[in-house]
Visitor: 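Please see the structure below; I have some questions.
Since the model is a prediction, treat every value here as computed from it, not as a measurement. Chain A is the first sequence line, chain B the second, and so forth, proteins listed ahead of strands; every chain is numbered from 1.
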Amino acid sequence: MKEPSFFEKVYQIVKLIPKGRVTSYGTIAEYLGSKGSARMVGWAMNKSLSFPEDIPAHRVVNRKGLLTGKIHFGGSNTMKQLLENEGMIIENDQIIDFEKFFWDPAKELMV
DNA sequence: GGTGTGACCAGCT
DNA sequence: AAGCTGGCCACAC
């Protein structure tokens, strides 16, 4: 059988993100072995919105903890609402204490 | 089948 | 110091 593509791996990682945690595109890309493919991760999220699967794309933000992808959630602050619903604080489209909520797969999955 | 794009990141000018 | 380009891989037209 075929191995999961970079694209598929991204979904696996995102779905593994625990509630109340967030991660960045570059981190996922780096974890997959392609640090420079950070763009692919975000782009994969865009497609995930069209997929019937439950991809918590709102838990994935950029390196600065900025909700760069909220625009694709409909242009509204839907992404912000989801994150706040999980117990985090968002201000000016930016996650407060981003480092504290940061979820690193390389550390969490690697035990 | 080639070109362009894409929710990024980091380095160079 | 800040702005911009390059790079990565996969999909859409």
Visitor: B:dG6, OP1 or OP2 - any side-chain N/O from A:Lys47 closer than 4.0 Å?
Guide: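 Answer is no, no contact under 4.0 Å.
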
Visitor: Rounded to the nearest Å, what distance is computed from the CD1 atom of residue A:Ile55 to the C1' atom of nucleotide B:dA7?
Guide: 14 Å

Visitor: Please pick, from C:dA10, B:dA7, C:dC8, the nucleotide with the shortest atom-to-atom distance to any side-chain atom of A:Ser37.
Guide: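 Nearest to the side chain of A:Ser37 among the choices is C:dC8.
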
Visitor: Nearest to the A:Phe6 side chain among C:dC9, B:dA7, B:dA10, which nucleotide is it?
Guide: C:dC9

Visitor: Send over the distance from A:Phe7 CZ to C:dA12 C1', rounded to a whole Å.
Guide: 12 Å

Visitor: With no hydrogens and no angle check, is any side-chain donor or acceptor of A:Arg63 less than 3.5 Å from a backbone partner on A:Gly26?
Guide: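 Flag not set: sc A:Arg63 to bb A:Gly26 has no pair under 3.5 Å.
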
Visitor: Look at the side chain of A:Met40 and decide which nucleotide, out of B:dA7, C:dC11, B:dG6, has an atom nearest to it.
Guide: B:dG6

Visitor: Output the single nucleotide from B:dA7, C:dA10, B:dC8 whose closest atom is nearest the side chain of A:Trp43.
Guide: C:dA10

Visitor: Give a yes or no on whether the backbone of A:Trp103 and the side-chain of A:Thr23 come within a donor-acceptor separation of less than 3.5 Å.
Guide: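 Yes; at least one donor-acceptor contact below 3.5 Å.
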
Visitor: Rounded to the nearest angstrom, tell me the gap between atom CD in A:Glu30 and atom P in B:dC8.
Guide: 17 Å

Visitor: Between A:Asp104 and A:Ala106, is there a donor-acceptor pair closer than 3.5 Å when you use the side chain of the first and the backbone of the second?
Guide: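 Such a contact is found between A:Asp104 side chain and A:Ala106 backbone.
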
Visitor: Give the nucleotide from the list B:dA7, C:dC11, B:dC8 with an atom nearest to the side chain of A:Asn62.
Guide: B:dC8

Visitor: Could you tell me the separation between the OH atom of A:Tyr31 and the P atom of C:dC8, rounded to a whole number of Å?
Guide: 23 Å

Visitor: For the side chain of A:Arg39, starting at C-beta, report the closest nucleotide among C:dA10, B:dC8, B:dA7.
Guide: B:dC8

Visitor: For B:dC8, does either OP1 or OP2 sit under 4.0 Å from a side-chain N or O belonging to A:Ser24?
Guide: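 False: A:Ser24 side-chain N/O out of range (4.0 Å or more) of B:dC8 OP1/OP2.
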
